[in-house]
Amino acid sequence: MKYYFLLLIFMWLLPISSIAQEDTLFPSPNIVLNVKPSKTDSRIKNADTPHFIAYNPTIKQGKLLLFLPGTNGIALKGPKQLFYTAIQQGYSVINLSYINTPAIARICKEGNLVQNSNCAEEFRNRRVYGDTIFSLIDDKPYDAIVNRLTKLLIYLSKNDKEGNWSRYLENGKPGWQEIALAGQSQGGGMSAFIAKTHLVARVIDFSGGWDYSAKNKIADWYSKSSVTPMDRWYGTYHVKEPMAATILKTYKAMNIPDKNIYALDLEVPIGKRAHSNGVRNIGYANEWIELLGKGN
């Protein structure tokens, strides 16, 4: 009995045991893993709820879909029907846990915006890359989205050989051309922000944020040129969400082709929000397939 107890402890301490977890929405042979950010980088203390990872090893493995949740989003509570659809399309999926509060709209407004018209861009740069100074949030350099992704991919490549995660790394950094970006609200804006300066496989902005550079003027960064070709850009919004018109204005500023902009209009269930309906409503499964394309 004592030997059995010690064996259980030893197995629990194995690196892979910290990531394996079943999920009934992803039946076998799908694999679901949960990894706390601090397990990949011990410096990380904030927003340490687990990343959500899923893939099907029996499907020809293709691109990685990196999903970034919106403000107050928890990776483990992400839109799993969307993720399951992505896996069927040939993707491996990561829903990244990162610092997503406070929202940009809470910080870059009024006096802060008057003093610095580039507030939103500098905010996003700090949260995505962590390599610039932005005093209005307390994100540390190692808290940045790119560092969290990098450390997670390195961790998975060592501890989950079946997932072949090293194919998403290039010289120890994310191999962006093998990564499709997607996100909702703040996360959609973060995905777009990254795609501006990195050549990614695809970018899907689900009701992305509404950054401003002045009162009633959307942020200048939306209009900056994109390294990712525009035919790889997609944007969605629900026609009944409060900021629909502004979101559409940002898509137009980013030059997303009209055919790649989806004005969603299914009825929003009572008690649910139109703003997040695009990633939650299984009624959009056909649209999801179009937005995702083939991952492999």
>> Check the orientation of Y129 and H198. Use parallel for under 30°, tilted for 30 to 60°, and perpendicular for over 60°.
In response: tilted
>> E267 vs K240, test: salt bridge (charged side-chain N to carboxylate O under 4.0 Å, His left out). Steps then yes/no.
In response: CA-CA 9 Å; E267 193 65 31; K240 291 186 178 179; 3.8 Å; yes
> Any sub-3.5 Å donor-acceptor pair from H51's side-chain atoms to S97's backbone N or O?
Replying inline: yes
> Is K161 reaching over with its side chain to a backbone N or O of S157, donor-acceptor style, under 3.5 angstrom?
Replying inline: yes
> Does the side-chain hydrogen bond (donor to acceptor under 3.5 Å, both in side chains) test come out yes or no for R127 and Q186, once each step is laid out?
Replying inline: CA-CA 11 Å; R127 186 154 285 177; Q186 180 184 162; 3.0 Å; yes
>> I'd like to know whether D41 forms a side-chain hydrogen bond (donor to acceptor under 3.5 Å, both in side chains) with N147, so could you lay out the CA-CA distance, the side-chain angles of the two residues, the decisive distance to 0.1 Å, and finally the verdict.
In response: CA-CA 9 Å; D41 187 334; N147 180 65; 3.1 Å; yes
> Relative to the ring of F193, is the ring of W221 parallel (under 30°), tilted (30 to 60°) or perpendicular (over 60°)?
Replying inline: perpendicular
> Within the side chain of R202, is there an N or O that forms a donor-acceptor pair under 3.5 Å with the backbone of L181?
Replying inline: no
> Does the separation of the ring centres of W165 and Y55 fall below 6.0 angstrom?
Replying inline: yes
> Does K36 reach the side chain of T49, with side-chain heavy atoms less than 4.5 Å apart?
Replying inline: no
> Quick one: does I137's side chain get under 4.5 Å of P102's, heavy atoms only?
Replying inline: yes
>> Aromatic contact between F26 and F52, with the criterion being ring centroids under 6.0 Å apart: yes or no?
In response: yes
> Going through the checks in order, is the side-chain hydrogen bond (donor to acceptor under 3.5 Å, both in side chains) test met by Y262 and E290?
Replying inline: CA-CA 10 Å; Y262 288 63; E290 293 175 5; 2.8 Å; yes
